[in-house]
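What follows is a single structure, written as structure tokens, with notes after it.
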Amino acid sequence: SLSSEVFDSAEFRLSAHPAQVFPYPRLEDDVFKDVSFALEGNPKAVAIFEPLIKRIGGKTFPLCRENKPLYHTSCVMASNLLIGLLKCAEGLGLRAGLEEKQSREIVLRFAFETITTASEQTSFDKALSGPLLRGDIETIKMNLASIKGSDEEIIYKLLSKILIDVAKEKGLPIEKAFEVRKILDS
């Protein structure tokens with residue numbers, strides 16, 4: 001997450017951040033195949049390092065030092081915080097009376113199908129489905145009532161607010177979007 005400024009030698013300063021998770025030791029030969037690396041630092045160091053990344057199958061893109069924290073936060077949201085969201089959904093399944101294995105399987109199925117759909121589209125927006133997209137006010141109210149006063153309620157509301165504009169672009173009428181927003185703000 002740190003910029004190239006942490007290195008003493010100005011001439012060889014380089015930060016290369018792979019957009020890849022490594023939750024366990026990975027030993028296969030193609031571990032970096034098609035992995036994107038954010039390169040930030042001295043152009044000389046970039047010129048030396050870029051061909052090395054390409055030789056191991058990686059891809060590179062330039063990143064400004066000032067944008068390194070924002071880029072890293074994006075990566076954390078797409079990996080670690082996604083795990084947090086999955087744990088949240090699994091926990092709701094457990095509270096609903098599902099067995100741990102069953103809750104995990106259901107959550108993973110939904111997540112897998114959503115991510116697969118998103119990966120097959122040109123935009124994440126096209127993968128949106130569910131009560132928000134339909135403007136199903138009663139279901140949204142029911143969902144929120146079931147988690148009232150919990151961290152899950154905060155997460156549900158925050159993420160739903162982010163998606164209201166997406167739902168409008170996909171056909172949610174403005175008046176329904178306004179009504180949904182009012183519920184989420186309460």
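Within 6.0 Å of atom CD in Gln102, more than 12 heavy atoms from other residues, nucleotides or ligands are found, so the atom counts as buried in its surroundings. Shown here is Glu66, whose CD atom has more than 12 heavy atoms of other residues, nucleotides or ligands within 6.0 Å.
In the hydrophobic clustering of this structure, Leu82 does not group with Phe112; members are Ile, Leu, Val, Met, Phe, Trp, Tyr whose side-chain heavy atoms approach within less than 4.5 Å, directly or through other members. Linking Ile, Leu, Val, Met, Phe, Trp and Tyr residues whenever their side-chain heavy atoms come within less than 4.5 Å places Ile137 and Leu163 in a single cluster. At a threshold of 4.5 Å between side-chain heavy atoms, the hydrophobic network of Ile, Leu, Val, Met, Phe, Trp and Tyr places Val31 and Ile53 in one connected group. Under the 4.5 Å side-chain heavy-atom criterion for ILVMFWY residues, no single connected hydrophobic cluster contains both Leu133 and Ile115. Put simply, Val107 and Leu128 are part of two different groups of oily side chains (I, L, V, M, F, W, Y) that touch within less than 4.5 Å, one to the next.
The pair Arg109-Glu113 meets the salt-bridge criterion, since a charged nitrogen lies less than 4.0 angstrom from a carboxylate oxygen. Salt bridge status for Asp185 with Lys161: present, with a side-chain N to carboxylate O gap under 4.0 Å.
Atom CD in Glu179 sits 9.0 Å away from atom CD1 in Ile140 (nearest 0.5 Å). The CG atom of Leu81 lies 11.5 Å from the SG atom of Cys75; values are rounded to the nearest 0.5 Å. How far NZ of Lys59 is from NZ of Lys33: 9.0 Å, rounded to the nearest 0.5 Å. Rounded to the nearest 0.5 angstrom, Glu100 CD and Glu105 CD are separated by 11.0 Å. A distance of 11.0 Å separates CG of Leu92 from OH of Tyr156, quoted to the nearest 0.5 Å. In this structure, the separation between CG on Leu52 and CD1 on Ile48 is 8.5 Å, given to the nearest 0.5 Å.
Here Ile106 is tied into one hydrophobic group with Leu98, Phe110, each link being a pair of ILVMFWY side chains closer than 4.5 Å.
Each side-chain hydrogen bond (donor to acceptor under 3.5 Å, both in side chains) pair with one or both residues in residues 69-93, not counting sequence neighbours, would appear here, but there are none. For residues 47-57, the side-chain hydrogen bond (donor to acceptor under 3.5 Å, both in side chains) pairs, not counting sequence neighbours, are Glu50-Thr60. Within the structure, every pair that satisfies the side-chain hydrogen bond (donor to acceptor under 3.5 Å, both in side chains) test and touches residues 37-46, not counting sequence neighbours, is listed here: Ser4-Glu40, Glu11-Lys44.
For Cys88 against Ile155, the heavy-atom pair with the smallest separation is SG-CD1, 4.2 Å. Across all their heavy atoms, Gly93 and Ser103 have their closest contact at CA-OG, 3.5 Å. In plain terms, the two heavy atoms of Val35 and Pro18 that are nearest each other are CG1-CB, 3.9 Å. Nearest heavy atom pair, residue Ala38 against residue Leu63, reads CB-CD2, 3.8 Å. The minimum heavy-atom distance between Leu14 and Ala45, with the atom names listed, is CB-CB, 3.8 Å. Nearest approach of Asp125 to Glu169, heavy atoms of both residues: OD2-OE1, 3.8 Å.
With sequence neighbours left out, Ser150 forms a side-chain contact (heavy atoms from CB on, under 4.5 Å) with Ile147, Glu152, Glu153. Applying the side-chain contact (heavy atoms from CB on, under 4.5 Å) criterion to Thr139, with sequence neighbours excluded, gives Pro131, Asp136, Met142, Asn143.
No side-chain heavy atom of Ser15 sits under 4.5 Å from any side-chain heavy atom of Leu39. Two residues are said to be in side-chain contact when any heavy atoms from C-beta on lie closer than 4.5 Å; Lys157 and Ser160 fail this criterion.
In this structure a side-chain-to-backbone donor-acceptor pair under 3.5 Å is present from Lys170 to Lys126. Ser186 contributes a side-chain N or O that, together with a main-chain N or O of Ile183, makes up a donor-acceptor pair within less than 3.5 Å.
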What's the verdict on side chain to side chain contact (heavy atoms under 4.5 Å, CB included) for Leu132 and Val166, showing C-alpha distance, side-chain angles and the deciding distance?
-> CA-CA 10 Å; Leu132 178 64; Val166 174; over 6 Å; no

Determine, step by step, whether Asp30 and Ile56 satisfy the side chain to side chain contact (heavy atoms under 4.5 Å, CB included) criterion, reporting the C-alpha distance in whole Å, the side-chain angles of both residues, the deciding distance to 0.1 Å, and the verdict.
-> CA-CA 7 Å; Asp30 63 348; Ile56 61 172; over 6 Å; no

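The ring-ring contact (aromatic ring centres under 6.0 Å, His included) test with Phe37 is passed by exactly one of Phe32, Phe49, Phe61: Phe32.
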